[in-house]
Structure formats: C-alpha cells, structure tokens
Amino acid sequence: MQLKSKITGTGSYLPSKIITNDDLAEMVNTTDDWIMERTGIKERRVAGQDEANSDMCVEAAKKAVSAAGLKPEDLDMIIVATMSGDMPMPSTAAIVQHKFGAINAAAFDINAACSGFLYGLSVADKFIRTGASKKLLLIGAEVNSKFIDWKDRGTCVLFGDGAGAVVLEPADDGRGILSTELFTDGSMWDYICLPGGGSANPPSEETLREGLHHIKMRGNETFKVAVRTLEKLVINTLEKNNIEPSELAMLIPHQANLRIISATAKRLNLPMSRVAVNIEKYGNTSSASIPIALDEVVRAGRLRDNDYVLLEAFGGGLTWASALIKW
Ligand code: COA
C-alpha cells in the first residue's frame with residue numbers, strides 16, 4: 001500500500017485573556033449584536049504583553065507531541081505556519097526548535113496567511129510521503145492582536161490569537177492525508193495585507209504615522225470572493241477523490257466568518273452538527289484556526305478511524321486550500 005502521512009497527535013493553546021464584544025463596544029463604535037450577526041464572533045483571546053508567537057507554539061507543541069507518544073528530540077522537522085512570527089528573521093520555527101528542545105529537527109516557517117496551515121500540511125505531506133521526514137511537527141500560530149489597529153472597527157472585531165499543532169508520521173494502512181489542493185491569486189494581494197515593515201515599505205516614522213504596520217482588509221469584497229471560491233473548492237476536492245458529500249464525517253473550516261462557514265456547509269448539504277465551529281470563542285486566528293478546531297474535535301472524540309474529514313481555508317494572498325483526510 002502507498003505511503004501516506006497520518007496525523008498521530010494534536011494539541012492547541014489559547015492565551016487566557018478574553019476580549020468580549022462588549023469590551024470592544026467600549027473601544028470603537030460597534031455593538032455585540034452587529035458583530036454576532038455579521039461574523040458569529042462573541043469573544044476572542046489575546047496574548048499577554050510578554051507572550052510571543054513561539055511561546056504559544058511551544059505550548060501547543062507539548063500537547064501534540066505528547067499525544068503522539070513522542071519526545072521533542074524524536075522530531076526531524078518543524079514547520080510553523082504564521083504571518084505574525086516573533087521577528088522577520090530568524091524563523092519562528094527556529095526559535096520553537098530551541099525553546100522546545102527539538103534538537104534533531106530542521107525548522108522553517110511558511111506564510112500563506114489564513115491558508116497557512118493547509119499550505120504547511122501540503123508541504124509536510126510531501127516530506128513524509130517521500131521518506132525525507134518521519135516525525136514532523138506542523139504548527140499554525142498567530143498573535144494577530146499585536147498587528148491590529150484597535151481603533152479600526154472593520155478589523156479589530158474579527159481577529160484573535162492562538163496556536164494549534166499536529167504531528168505527522170508515515171502510515172501504510174490506507175489512512176491519512178488523501179489529497180491537498182493549493183491555490184493563489186496574487187492580483188488581489190491588497191484585499192488583506194500588512195503593508196509596512198517589509199522591503200516595499202521599510203519601517204520608518206512615516207510608516208508608523210500612516211498605520212502601515214496594521215492588518216488592512218477590504219472585508220466585503222473579500223467576503224464575496226471567499227464564499228464563491230470555497231463553495232467551488234470543496235465540491236472539486238470531493239469530486240477529485242470520488243467521495244460524495246454525504247460520506248463526509250466532518251468539515252473543519254477556517255474560522256473567518258460564520259456566514260462563510262454556513263454557506264460552505266450548505267453547498268455540501270452538510271448539517272452544522274458535522275461542521276467544526278469555534279469562531280464564537282476565538283474569532284479568526286488565521287493559520288491557527290484549523291489546527292485548534294481539529295484538536296477540539298479530536299479531544300471531544302468526534303472522529304473515528306476511517307472517517308472522511310475535509311479541511312478548507314481562505315485568506316490573504318489571496319490564497320485558498322483544502323485537505324481531505326481518511327482519519
Ligand atoms: N461595527 C458596526 N458597524 C461596522 C463594523 C463594526 N465592527 N464594521 C463595519 N461596520 C459598518 C461599515 O462601516 C458599513 O457601514 P456603511 O454601510 O455605513 O458604510 C456597514 O457596517 C457594512 O459594512 P460591510 O463591510 O459591508 O459589512 P459586511 O457585511 O461585509 O461584514 C465583515 C463585514 C468584515 C464581517 C465581512 O465582510 C467579512 O467577514 N469579510 C471577510 C473576512 C474574511 O473572510 N477574510 C478572509 C480570511 S482572513
């Protein structure tokens with residue numbers, strides 16, 4: 001039987017500080033009703049002042065690696081999917097490697113914004129299938145709160161912080177990742193972006209004054225592309241694998257907006273009981289949202305061996321991606 005990569009452990013970490021919609025209503029011109037109705041978000045988690053992305057990665061990693069029955073030194077590769085890393089250089093993955101004591105692992109980051117975890121999963125899958133990696137830790141982690149303009153009601157109500165991790169190992173029993181699909185349309189790069197601090201707009205007093213170090217989003221335009229694109233993506237992914245929507249045990253979507261999640265579920269004719277939803281508690285944690293949701297689903301015992309699970313995401317780039325797993 002052909003070698004596949006199997007998720008053998010999951011873990012997640014959410015910072016303890018909670019910001020509710022009512023808290024936000026005291027900071028910007030918004031209401032709990034508006035945010036709930038338009039997004040499905042009730043509250044979100046925010047990292048502490050001294051808490052860096054890599055700190056959250058390590059907490060999620062401890063749980064995933066322990067669930068897989070491994071030790072940090074067993075890992076041969078660490079991939080961190082993030083757009084809010086500790087610093088531009090070195091990679092957050094290198095810092096995680098050190099803090100976690102994964103002394104035998106090569107480590108690097110991937111940035112595909114909210115699709116980052118699935119881009120990472122696709123890359124990880126190739127390393128495992130080719131035999132180049134045998135014990136791989138993939139983490140999706142974001143500290144969005146530190147890059148948000150807390151005066152911009154169009155974005156500050158949406159995002160949250162968190163980390164999720166999975167361990168991947170080879171398997172030859174027919175279970176594991178069946179397919180991954182990756183797509184990008186860079187012509188819409190400015191729909192969601194953080195324009196300051198890179199080589200296009202190096203940090204300066206001017207970039208600070210103009211607020212270029214904050215996440216910018218053309219929300220309504222992004223929303224429309226996301227709904228259209230994701231509906232097509234999930235149908236195409238299942239068709240490619242000759243699987244009917246009714247055969248799906250769970251859909252684990254990126255958590256950007258409950259209306260987008262519901263539209264995708266409706267297109268698949270899937271009851272919401274078979275869709276992982278935690279956006280109410282955490283908001284949009286970008287590349288962390290899918291591994292956090294997956295960890296919650298696994299720990300709640302909602303997945304059984306051989307279940308078909310579909311993962312999908314959409315985000316800055318614009319990027320979108322899916323993964324189909326036989327659990
Ligand atoms: N509270 C109250 N009013 C708000 C608000 C807030 N937090 N944010 C925006 N508004 C206002 C707007 O100013 C606008 O007012 P106007 O009609 O007077 O101009 C009105 O609400 C409608 O804004 P709009 O942006 O059209 O709302 P929307 O229904 O598109 O919902 C989002 C906004 C951001 C929730 C939604 O567009 C969204 O989720 N976008 C996609 C996010 C996404 O998928 N990202 C990709 C993955 S990261």
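Counting convention: from 1, in listed order, for ligands and their atoms alike. Residues take their numbers from the sequence shown, with the count starting at 1.
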Would you say [X]'s side chain and [Y]'s backbone share a donor-acceptor pair under 3.5 angstrom?
{"X": "D295", "Y": "I292", "value": "no"}
{"X": "D109", "Y": "A93", "value": "yes"}
{"X": "N144", "Y": "G160", "value": "yes"}

Find all atoms of ligand 1 within a distance of less than 4.0 Å from any non-hydrogen atom belonging to T30, and give their numbers and elements.
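Taking each heavy atom of T30 in turn, ligand 1 has 1 (N), 2 (C), 6 (C), 7 (N) under 4.0 Å.
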
Ligand-side contact atoms (ligand 1) for residue partner I260, heavy atom cut-off under 4.0 Å:
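Listed by number with element, the hits are 44 (O).
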
Residue, atom name and distance, where the atom is the protein heavy atom closest to [atom]:
{"atom": "atom 47 (C) of ligand 1", "value": "F314 O, 3.3 Å"}
{"atom": "atom 25 (O) of ligand 1", "value": "N220 CB, 4.0 Å"}
{"atom": "atom 14 (C) of ligand 1", "value": "R153 NH2, 4.7 Å"}
{"atom": "atom 31 (O) of ligand 1", "value": "R259 NH2, 3.6 Å"}

Apply side-chain contact (heavy atoms from CB on, under 4.5 Å) to F147 and list each qualifying residue two or more places apart in sequence or on a separate chain.
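S84, L194, I215.
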
List for me each residue that meets side-chain contact (heavy atoms from CB on, under 4.5 Å) alongside H98, sequence neighbours excluded, and say none if there are none.
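Residues passing side-chain contact (heavy atoms from CB on, under 4.5 Å) with H98: none at all.
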
Closer than 4.0 Å: a protein non-hydrogen atom to [atom]:
{"atom": "atom 41 (C) of ligand 1", "value": "yes"}
{"atom": "atom 37 (O) of ligand 1", "value": "yes"}
{"atom": "atom 44 (O) of ligand 1", "value": "yes"}

Do any N/O atoms on [X] end up under 3.5 angstrom from N/O atoms on ligand 1?
{"X": "T39", "result": "no"}
{"X": "G219", "result": "yes"}
{"X": "T31", "result": "no"}
{"X": "T222", "result": "no"}
{"X": "N257", "result": "yes"}

Around atom CZ of R267, are there more than 12 heavy atoms from other residues, nucleotides or ligands closer than 6.0 Å?
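No.
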
For F159, is the NZ or CZ atom of R44 found under 6.0 angstrom from the centre of its six-membered ring and inside 45 degrees of the ring axis?
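No, R44 does not lie over the aromatic ring of F159.
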
Per-residue contact class, V28 against ligand 1 - non-hydrogen pairs under 4.0 Å
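Under 4.0 Å from ligand 1, V28 contributes no heavy atoms.
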
Part of W34 within contact of ligand 1 (heavy atoms, under 4.0 Å)
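The answer is the side chain.
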
Without hydrogens or angle criteria, can the side chains of T82 and N53 be said to hold a donor-acceptor pair below 3.5 Å?
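Yes - a donor-acceptor pair under 3.5 Å links their side chains.
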
Any donor-acceptor N or O pair under 3.5 Å, side chains S287, E142
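Per modelled atom types, S287 and E142 side chains form a pair under 3.5 Å.
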
